[in-house]
Amino acid sequence: MSSWFRLAAAVAALLSVGGFASAQSPFPSRPVHIFVPYAAGGAVDILTRTLGDAVSRQWGQGVVVENRPGAGGVIASQTLVTSPPDGYTLIVVASGHPTNSFLYPKMPYDTFKDFTPISLLASSPNILLVRADSPFKTLADMIAQAKAKPGSLSFAHSGTGTSTHLAGELLKSLAGIDLNAIPYKGGAPVINDLLGGQVPMSFNNGPESVGQLEAGTLRALAVTTASRASFLPNVPSMSETVPGYDTEVWWGLLGPAGLPPDVLAKLSHDFVAALNTDAVKERLAKLGATPIGSSPQAFDAKIHADYEKWGPIIKAAGITAE
């Protein structure tokens, strides 16, 4: 019997050592998956793939980007919060993330309790776009038409409650005009229909717009930030025509709730480091995005601040997800 106990003890010791060694394996020891809650080719997708390439070189591990569009990011976010909190499943969200709870009466997760903020990655102005052959040469031209024929114009946006949708609603409110908002499942499909003439104008993020602006197929009427954007110095800011107008889009990295502190620290450090590489900064500058790279605490504060800022506006406008 003593021999049996000695054998059992030896096996237990080996298992204990093996388990300890496994637990101490450096993160990441296998590919990391990052959800993009919008269609391929949009701003979130471009940013995520740019950063994914950079951190994969740091880690020596692959970064798999998975596009899961739908419901303003709720579908992808729901999948994330049911994933193990081990750092191997993440999501890059846009600034519509804090406002979804105002749009959907039955959310499958808690915006604050079910996520771990990792870093506020970057920001960009949204841009009011028309086709190059549009009769609207300025924002004032469009506003005049909208006032002359209320409800005759529409704008496309990347989804109900997204920053591009709210940019249009803010314009309607401050300019006193009536525009029809047409939701899409991401910015890339918006661009396609704008180019095809299915919609007369759209609000889009910088990264998904720059290529078409450079090609001359689209024209920018205004940027949504209070000041002109450095990458579009000749395009007026919305506030030059509509006083008090100012909004932007941001993108941030989240994990499921309960990420271990050491994994959270490494993810935050490595993504911020990637944002500060010359290659990534150059890529984002060409796309019209400004790198930020905040701490987890600062990103958490930003989510709460936008929840408080936009909640009353969404409620007052009666915006709900379709």
Side-chain angles (χ1 to χ4, degrees), residues 13 15-37 44 47-66 68 73-74 76-98 100-101 107-123 250-277 280-281 284 290-308:
L15 289 175
S16 175
V17 171
F20 179 78
S22 175
Q24 295 301 308
S25 296
F27 174 87
S29 58
R30 54 187 169 86
V32 172
H33 290 246
I34 305 180
F35 296 146
V36 170
V44 183
L47 174 66
T48 305
R49 293 181 188 278
T50 298
L51 287 174
D53 288 343
V55 294
S56 67
R57 286 193 292 271
Q58 291 182 46
W59 293 339
Q61 289 289 343
V63 171
V64 181
V65 177
E66 299 184 25
R68 300 197 178 195
V74 172
S77 295
Q78 182 179 10
T79 304
L80 177 83
V81 300
T82 59
S83 302
D86 53 13
Y88 287 96
T89 308
L90 309 171
I91 189 171
V92 173
V93 297
S95 46
H97 173 76
N100 275 335
S101 59
M107 290 285 284
Y109 55 79
D110 185 289
T111 301
F112 303 110
K113 296 179 180 178
D114 291 337
F115 299 88
T116 300
I118 297 171
S119 181
L120 180 60
L121 300 172
S123 67
W250 53 255
W251 306 282
L253 184 66
L254 298 169
L259 279 184
D262 58 333
V263 173
L264 172 59
K266 180 168 180 58
L267 285 168
S268 181
H269 174 273
D270 290 354
F271 273 88
V272 171
L275 281 166
N276 284 308
T277 60
V280 170
K281 286 193 289 187
L284 294 186
T290 301
I292 298 174
S294 77
S295 67
Q297 295 77 15
F299 185 26
D300 183 57
K302 177 64 173 173
I303 293 171
H304 280 79
D306 272 23
Y307 178 88
E308 298 294 336

Check T116, L47, L121 against L253 for a side-chain contact (heavy atoms from CB on, under 4.5 Å) and give me the one that passes. L121
Return the minimal non-hydrogen interatomic distance between Y109 and G73, and the atom names on each side. OH-O, 4.5 Å
How far apart are the closest heavy atoms of S77 and H97, and which atoms are they? OG-ND1, 4.2 Å
Between W251 and S123, what is the shortest heavy-atom contact and its length? CZ3-C, 3.7 Å
Can you check whether A273's main-chain N or O pairs, donor with acceptor, with T277's side chain at less than 3.5 Å? no
Only pairs at least two apart or in different chains count here, so list each side chain to side chain donor-acceptor pair (under 3.5 Å) that has a residue in residues 254-269. K266-D270
Any residue meeting ring-ring contact (aromatic ring centres under 6.0 Å, His included) with F299, in chain and number order, not counting sequence neighbours: W250
Short N-O contact, D53 and R49, less than 4.0 angstrom: no
I need the L259 CG to L264 CG distance, nearest 0.5 Å. 6.0 Å
Check step by step if side chain to side chain contact (heavy atoms under 4.5 Å, CB included) holds for T290 and L284. CA-CA 7 Å; T290 301; L284 294 186; over 6 Å; no
What distance separates T111 OG1 from H304 NE2, expressed to the nearest 0.5 Å? 9.5 Å
Hey, which of L90, V92, V64, L80 is the one that makes side-chain contact (heavy atoms from CB on, under 4.5 Å) with F35? L80
Among L254, V81, T82, side-chain contact (heavy atoms from CB on, under 4.5 Å) partner for D114: V81
May I have the step-by-step check of side chain to side chain contact (heavy atoms under 4.5 Å, CB included) for L275 and L51, ending in yes or no? CA-CA 7 Å; L275 281 166; L51 287 174; 3.7 Å; yes
Under the side chain to side chain contact (heavy atoms under 4.5 Å, CB included) criterion, do S294 and K302 qualify, and how do the steps go? CA-CA 10 Å; S294 77; K302 177 64 173 173; over 6 Å; no
Minimum heavy-atom separation for P291 to A122, with atom names? CA-CB, 4.0 Å
Mind listing the closest non-hydrogen atom pair of I303 and P117 along with its distance? CD1-CG, 4.3 Å
Considering all heavy atoms, the nearest S95-D306 contact: CB-OD2, 4.4 Å
Taking C-beta and beyond as the side chain, do V63 and I34 meet within less than 4.5 Å on heavy atoms? yes
Side-chain donor-acceptor pairs of residues 26-33 under 3.5 Å, sequence neighbours excluded:
residue	atom	partner	partner atom	Å
S29	OG	Y88	OH	3.1
R30	NH2	D86	OD2	3.3
H33	ND1	E66	OE2	2.5

